[in-house]
There are 2 protein chains.
Amino acid sequence: MTPSPSGGLTIGDLADRTGLAVSAIRFYETHGILHPVRNAGGHRRYGRADIRRLSFVMIAQSMGFGLSEIAGYMTGLPAHRAPSKADWTRISEDFRSKIDARITLLQSMRDRLDGCIGCGCLSLETCALHNPLDEAAKGGTGPRALREV
Amino acid sequence: MTPSPSGGLTIGDLADRTGLAVSAIRFYETHGILHPVRNAGGHRRYGRADIRRLSFVMIAQSMGFGLSEIAGYMTGLPAHRAPSKADWTRISEDFRSKIDARITLLQSMRDRLDGCIGCGCLSLETCALHNPLDEAAKGGTGPRALREV
DNA sequence: CTAATTTCTCAAGTCCACTTTAGATCAAGA
DNA sequence: TCTTGATCTAAAGTGGACTTGAGAAATTAG
């Protein structure tokens, strides 16, 4: 629990700080999200900035972004130096615009749903939801949340 | 392609009308979303109302709801009779309130993200995003979009 | 120094939402 | 009628996001 003052955080420290499982943190590393250094014994050592990286991952995931997309944002951050505020601002601008698009889509679907349920036309043949769906329903296999907006 | 006028729609008809794969429609049946009757030869026959059911499934999915949750809504509809407008209105009211909650959560996260990125505090220890995340991040394994709001 | 904890790697397992494959049967047009 | 295309079942495969398990080595508390 005592984070080594000089050597950085252990994977357990990071897990405690973020609430993530140790296995998840290792998993993210294999997907290029973190790049910890190793100590003499081969154990991973993290910097404080990695807490922030993982926070971003968790936020983005809860908003429906996939890991590969998130990893894409992460490549916009320096791998072995703590990102500056400018780094975070840059990647979060694109992120924010995608969130906005997602909110707008959700709102328009909700509003149209009201109309469609009300008029009894909830059919892909005539319903106004048809086109938005066509655009939103692209993507590979697996759960199709609001990915790829 | 010629939908049997008396016998209802074939699974292929339904696939054409909804844009779903035949295999997906069969899969949904195993999850209790559709309950087609069988003809003499053992082939599935659907009613027009099933197009609407599948439309609802697709809409709900694109909004981040999981199949089991959607199946839950579907049990609120009559299995072997075409749902009335009142049936649809009833289940869509609950649905709509969940969508609203989802939109609100997304908006508040977006707004706080602006603040957190700006002030450089994007850390679970101090960031205002912490608590909303705690609530949103519950759930089993697998992709964790905005399920379980 | 020893015992208890952590961490290491790597392979395999899990859940969700489907798709693919295989072999057989059913339905419909020429 | 015949043949082509649709549908049937059951089982296995896929991709995303992780978790679990096994055995070994490193770290830390007492």
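In what follows, chains carry the letters A, B, and so on, assigned in the order in which the sequence lines appear, proteins first and then strands, with residues in each chain numbered from 1. Atoms considered below: every heavy atom in the structure, side chains included; atoms not considered: hydrogens, waters and symmetry mates.
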A/I11 CD1 - D/dT27 P separation (whole Å): 15 Å
Below 4.0 Å: OP1/OP2 of C/dC18 and any side-chain N or O of B/Q61: yes
Among C/dA27, D/dT27, D/dT20, the nucleotide that comes nearest once only the side chain of A/H43 is considered: D/dT27
Sugar-phosphate only, base, or nothing, as touched by A/R44 at under 4.0 Å among non-hydrogen atoms: sugar-phosphate
Below 4.0 Å: OP1/OP2 of D/dT7 and any side-chain N or O of B/T10: yes
Whole-Å gap separating C1' (D/dT27) and CZ (A/R45): 8 Å
side-chain N/O B/Y28 vs C/dA17 OP1/OP2, d < 4.0 Å: no
Candidates D/dT7, C/dT19, C/dT7 - which lies nearest the side chain of B/A24: C/dT19
Gap between atoms NE2 and P, on B/H31 and C/dC15 respectively (whole Å): 12 Å
Gap between atoms CD and C1', on A/E69 and D/dA17 respectively (whole Å): 15 Å
Ring geometry between A/F56 and A/Y73 (parallel below 30°, tilted from 30 to 60°, perpendicular above 60°): perpendicular
Side-chain N or O of B/N39 closer than 4.0 Å to phosphate OP1/OP2 of C/dA27: yes
By salt bridge (Lys or Arg N to Asp or Glu O under 4.0 Å) - contacts of A/R81 (at least two apart): none
Rounded distance in Å - CD1 (B/I70) to C1' (C/dA17): 11 Å
Nearest-nucleotide 5' precedence on DNA chain D, B/G41 against A/S68: B/G41
Rounded distance in Å - CZ (A/F65) to P (D/dA17): 13 Å
Pairwise distance CG(A/L34) to CG(A/D50) - rounded to 0.5 angstrom: 5.0 Å
Phosphate OP1/OP2 of C/dT6 contacted by A/R26 side-chain N/O (<4.0 Å): no
CD1-CZ distance between A/I103 and B/R110, expressed to the nearest 0.5 angstrom: 4.0 Å
From D/dC18, C/dC18, D/dT7, nucleotide with atom closest to A/F27 side chain: D/dC18
Side-chain touch B/M109/A/I59, heavy atoms, less than 4.5 angstrom: yes
A/L54 CG - D/dC18 P separation (whole Å): 11 Å
Sugar-phosphate, base or nothing in reach of B/A21, heavy atoms under 4.0 Å: sugar-phosphate
Integer-rounded Å distance: C/dA17 C1' and B/L20 CG: 12 Å
Side-chain touch A/L9/A/R44, heavy atoms, less than 4.5 angstrom: no
Any A/R38 side-chain nitrogen or oxygen under 4.0 Å from OP1 or OP2 of C/dT9: yes
Toward the 5' end of DNA chain C, by each residue's nearest nucleotide, B/G42 or B/L67: B/L67
